[in-house]
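Sequence positions, counted from 1, serve as the residue numbers for this chain.
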Amino acid sequence: MAAQCAAATWCFGLFLHGGVVLVATLFLAWWRSRENTSRTWFEFALDCSKQIVAAAWVGVVDMACAAALASHARPRGDCAGFAAGRVADATLGVLLQWLLLDSALSLSRRAGSKSFADRIATGVYWRGAGSRMKFSPESYIGQLTLWLAVVTVAKVAVSVLSPGIASVADLVLSGFDARPQVEAFVVMICLPLVMTPAQFLITDTFLRRPPPTHYDMPQYIEPASVGFYGEDDALVTASLGGCFLCGTRSS
């Protein structure tokens, strides 16, 4: 008998998805507590909230698709499709998200207005300089909107490739033929609890503000004009350059 992995009701499906997202968020917060970083908890909360909103959006889309395709069950039920979707989202999906986000940010810096490029610079939520620096809701909304668009496009692309991955999942899950309840538990509980926190952790590396030392790289010259270092931008840049020259001469 094939295991049935589709959520019996919307409420149960959303509860299960919400529980997995909560575990992933707590894991990311624990990881943040062990970091030696200049990122504040407020900035971390803003970065993390973009992933939570996107995960909620993807969860609703998945539930709708599962309900719409319920009459087209696979030979092994829907466990293979569920497993393929989770693995694809956490691997190929993350790669596509990074490529799409990086392309959108590069395009905005080259073709868009400077103010718009600064507003969607990932992980930068402050505007002004020195004592005039303050939180910019427009920046957060702009980054969240861009991220939701990126996640949606990546989800559509991954969905096209999922049937091929499901064929492999069919073969892997064939070992659970005699234990359908174990199969459902592994696919619906264990797999998301492993893949989703890993996905959150990897995604956080490119949704957060780049480390300060990276702001001297060409691709971050424009966002640096926001004044991340406040009125000491020129001093920090000169100091970094001086340290580099000193190290070169000493060697």
Side-chain angles (χ1 to χ4, degrees), residues 14 17-18 20-22 24-25 27-28 31-32 39 43-66 84-127 136-165 192 195-211 214-215 217-224 226:
L14 292 177
H17 183 70
V20 172
V21 171
L22 176 61
T25 303
F27 170 76
L28 195 60
W31 190 273
R32 159 64 182 81
R39 179 170 59 161
E43 290 175 324
F44 167 80
L46 294 175
D47 293 337
C48 191
S49 69
K50 291 186 289 188
Q51 292 205 64
I52 295 174
V53 172
W57 163 244
V58 169
V60 171
V61 171
D62 280 343
M63 293 296 106
C65 290
R86 299 290 77 74
V87 173
D89 285 341
T91 54
L92 181 59
V94 172
L95 176 61
L96 288 176
Q97 289 168 5
W98 173 72
L99 291 173
L100 289 169
L101 181 63
D102 185 68
S103 298
L105 293 176
S106 297
L107 182 62
S108 69
R109 286 191 294 266
R110 295 175 182 177
S113 66
K114 182 177 180 302
S115 60
F116 176 75
D118 285 349
R119 186 167 290 113
I120 63 172
T122 181
V124 180
Y125 308 107
W126 310 95
R127 293 293 175 263
S136 172
E138 295 83 1
S139 297
Y140 174 76
I141 294 173
Q143 293 176 44
L144 177 61
T145 302
L146 174 61
W147 180 239
L148 288 176
V150 164
V151 168
T152 302
V153 174
K155 182 63 179 179
V156 172
V158 168
S159 298
V160 174
L161 301 175
S162 288
I165 302 176
M195 302 302 291
T196 305
Q199 180 180 355
F200 267 49
L201 182 60
I202 296 172
T203 303
D204 183 64
T205 62
F206 57 84
L207 276 187
R208 63 189 297 175
R209 169 176 50 80
H214 288 186
Y215 275 75
M217 296 182 179
Q219 61 266 37
Y220 295 118
I221 287 177
E222 287 191 3
V226 172

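Across all their heavy atoms, L96 and A157 have their closest contact at CD1-CB, 3.9 Å. Residue L28 comes nearest to C48 through the heavy atom pair CD2-SG, 4.0 Å, listed as atom of the first residue, atom of the second, then distance. Closest non-hydrogen pair, M195 versus A90, comes out as CE-CB, 3.5 Å. In terms of heavy-atom proximity, A117 sits nearest to S108 at CB-O, 3.7 Å. Between A24 and T196 the shortest heavy-atom distance is CB-CG2, 3.8 Å. The heavy-atom pair separating L100 from A154 by the smallest distance is CD1-N, 4.0 Å.
Side-chain N or O atoms of Q51 include none that pairs as donor or acceptor with a backbone N or O of T25 at under 3.5 Å.
Every residue meeting the side-chain contact (heavy atoms from CB on, under 4.5 Å) condition with A104, not counting sequence neighbours, appears here in chain and number order: L146. In this structure, Y140 has no ring-ring contact (aromatic ring centres under 6.0 Å, His included) partners at least two apart in sequence or on a different chain. Partners of W57 according to the side-chain hydrogen bond (donor to acceptor under 3.5 Å, both in side chains) rule, which considers only residues two or more places apart in sequence or in another chain, are T152. V53 meets the side-chain contact (heavy atoms from CB on, under 4.5 Å) test with L144, L148; sequence neighbours excluded. Partners of D204 by side-chain hydrogen bond (donor to acceptor under 3.5 Å, both in side chains), not counting sequence neighbours, listed by chain and number: R39. Evaluation of the side-chain hydrogen bond (donor to acceptor under 3.5 Å, both in side chains) rule for R208 yields E35, T37 as partners, not counting sequence neighbours. Applying the side-chain contact (heavy atoms from CB on, under 4.5 Å) test to S136 and every residue at least two apart in sequence or in another chain returns R127, E138, S139. Shown here are the side-chain contact (heavy atoms from CB on, under 4.5 Å) partners of T145, two or more places apart in sequence or in another chain: I141.
Considering only heavy atoms from C-beta on, L201 comes within 4.5 Å of F27 through its side chain. Contact check for D47 versus Y125: side-chain heavy atoms found under the 4.5 Å cut-off. Proximity of T203 to W147: side-chain heavy atoms (C-beta onward) are separated by under 4.5 Å at one or more points.
Screening residues 93-105 for side chain to side chain donor-acceptor pair (under 3.5 Å), with sequence neighbours left out, gives no hits. Applying the salt bridge (charged side-chain N to carboxylate O under 4.0 Å, His left out) definition to pairs two or more places apart or across chains, those involving residues 150-163 are D62-K155, D89-K155. Pairs engaging residues 49-59 under the salt bridge (charged side-chain N to carboxylate O under 4.0 Å, His left out) rule: none recorded [sequence neighbours left out].
A distance of 8.5 Å separates CG in L22 from CD1 in I52, rounded to the nearest 0.5 Å.
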